There are 2 protein chains.
Amino acid sequence: MDTRFPDLRRFGGADAFLQVCKPRTVLDIFTGKWAGLVMGALLDGPRRFNELRRMLDGITQKMLSQTLRTLERDGLVTRTVYPTIPPRVDYELTALGHSAVDVLRAIGVWAGEHADQVLAAREAYDERAKEPVEMVSRA
Amino acid sequence: MDTRFPDLRRFGGADAFLQVCKPRTVLDIFTGKWAGLVMGALLDGPRRFNELRRMLDGITQKMLSQTLRTLERDGLVTRTVYPTIPPRVDYELTALGHSAVDVLRAIGVWAGEHADQVLAAREAYDERAKEPVEMVSRA
DNA sequence: CTGAATCCTACTGGATACTG
DNA sequence: CAGTATCCAGTAGGATTCAG
């Protein structure tokens with residue numbers, strides 16, 4: 001989901017979305033599978049790599065590593081290396097990262113409040129699909 | 001980005017995200033490439049298929065059709081068919097859909113306000129990557 | 001411990017052509 | 001007009017292996 005600048009040229013109505021045109025690339029921050037969870041795991045302070053891995057049970061090293069690198073690149077997380085043996089690396093949310101978490105929280109709240117409605121709608125829809133079919137192709 | 005229920009079992013810290021566990025499936029609403037834009041196009045009232053297609057310049061029939069069907073399934077949009085000739089179909093946001101748009105707007109606002117910071121951070125990061133490299137592997 | 005590199009699969013989204 | 005069906009490319013994400 002990206003294709004780099006598919007770019008949503010002008011946008012008909014909805015002024016609120018005009019600003020989404022350029023910042024669209026930034027939206028990827030919220031679309032990844034893990035980015036939100038990783039930031040959530042950093043809410044309480046700095047964490048080490050394996051600490052995060054344990055918190056996000058189910059994530060692979062690759063995805064954690066990849067996600068962290070992206071978050072760092074986007075300025076949402078800082079990475080601090082302690083040149084000790086064994087090496088130790090701490091990750092921490094930046095101010096920007098915290099502001100992003102607020103948005104994630106808003107999304108989470110909406111999802112929490114409306115999940116039932118959405119799921120019910122889905123069930124109803126899928127149910128209707130299996131129905132009588134009415135339009136019998138009577139030969 | 002889905003794999004249906006990868007399911008984020010328990011979640012270490014961040015209480016705010018606990019509720020994301022079950023409703024995670026609902027989050028897909030915001031992750032699609034077009035869902036947000038389509039809902040945005042419906043803000044001012046009902047629209048017909050081709051009307052939407054023109055507003056969302058760049059979208060293909062397939063994606064518009066697919067997106068609308070998903071939105072309908074999730075109860076965010078209603079679909080009304082007028083059995084006239086030629087056929088006419090109207091799409092309109094439901095109350096649930098409108099509430100979702102509010103969240104989308106919040107995301108858009110954040111993106112608009114912080115896009116510059118993120119993009120600057122990215123540039124800086126990419127710049128550093130090309131640097132001296134310091135750690136010369138001196139034989 | 002903290003990653004990077006490789007391989008592999010499934011899904012998203014686009015182009016094109018056809019139907020009621 | 002409002003779709004559906006088919007084919008195709010790019011990519012996200014997982015498993016596994018290797019390295020500093």
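Proteins come first, then strands; the chains are lettered A, B, ... in the order of their sequence lines, and each starts at number 1. Note that this is a predicted model, so its numbers are computed, not measured. Basis for what follows: all heavy atoms, side chains included, without hydrogens, waters or symmetry-related copies.
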Q: Under 4.0 Å between any heavy atoms, over every strand shown, what does A:Arg79 touch: base, sugar-phosphate, or nothing? Just pick one.
A: sugar-phosphate
Q) Listed by chain and number, what are the salt bridge (Lys or Arg N to Asp or Glu O under 4.0 Å) partners of A:Glu123, not counting sequence neighbours? A) none
Q. Which residues satisfy the side-chain contact (heavy atoms from CB on, under 4.5 Å) test with A:Pro46, sequence neighbours excluded?
A. A:Asp90, A:Glu92
Q: Rounded off to whole Å, could you give me the CG-to-P distance for the B:Asp28 and D:dA12 pair?
A: 16 Å
Q.
Tell me the interatomic distance from A:Leu56, atom CG, to D:dG13, atom C1', rounded to whole angstroms.
A. 15 Å
Q: Among the candidates D:dG14, C:dG3, D:dC1, find the nucleotide nearest to the side-chain atoms of B:Pro86.
A: D:dC1
Q) More 5' along DNA chain D: A:Met63 or B:Arg48, using each one's nearest nucleotide? A) B:Arg48
Kindly give the atom pairs (protein nitrogen or oxygen, nucleotide nitrogen or oxygen) under 3.5 Å for nucleotides 15-20 of chain C.
none

Q: Describe, as an angle rounded to 10 degrees, how the axis at the first end of the helix from C:dC1-D:dG20 to C:dG20-D:dC1 is tilted relative to the axis at the last end, five pairs per end.
A: 40°
Q) How close or far is atom C1' of C:dT12 from atom CG of B:Leu64, stated in whole angstroms? A) 16 Å
Q) Do B:Ile85 and B:Val89 belong together in a cluster built from hydrophobic side chains that touch within less than 4.5 Å? A) no
(Q) Among residues at least two apart in sequence or on other chains, which ones pass salt bridge (Lys or Arg N to Asp or Glu O under 4.0 Å) with B:Arg53? (A) none
Q: Return the set of residues passing side-chain contact (heavy atoms from CB on, under 4.5 Å) with B:Asp102 (not counting sequence neighbours), or none when no residue passes.
A: B:Arg105
Q: For residues 82-118 of chain A, pull every pair meeting ring-ring contact (aromatic ring centres under 6.0 Å, His included), keeping only residues two or more places apart or in separate chains.
A: A:Trp110-A:His114, A:Trp110-B:Phe30
(Q) Under 4.0 Å, counting only non-hydrogen atoms across every strand here, what does B:Tyr91 touch: a base, just sugar-phosphate, or nothing? (A) sugar-phosphate
Q. Does B:Thr94 have any side-chain contact (heavy atoms from CB on, under 4.5 Å) partners at least two apart in sequence or in another chain, and if so, which?
A. B:Thr78, B:Leu96
Q. Taking only residues two or more places apart in sequence or in another chain, which ones pass salt bridge (Lys or Arg N to Asp or Glu O under 4.0 Å) with B:Arg79?
A. none
Q.
Taking 4.0 Å as the cut-off, does a side-chain nitrogen or oxygen of B:Arg69 come that near to OP1 or OP2 on D:dG3?
A. no
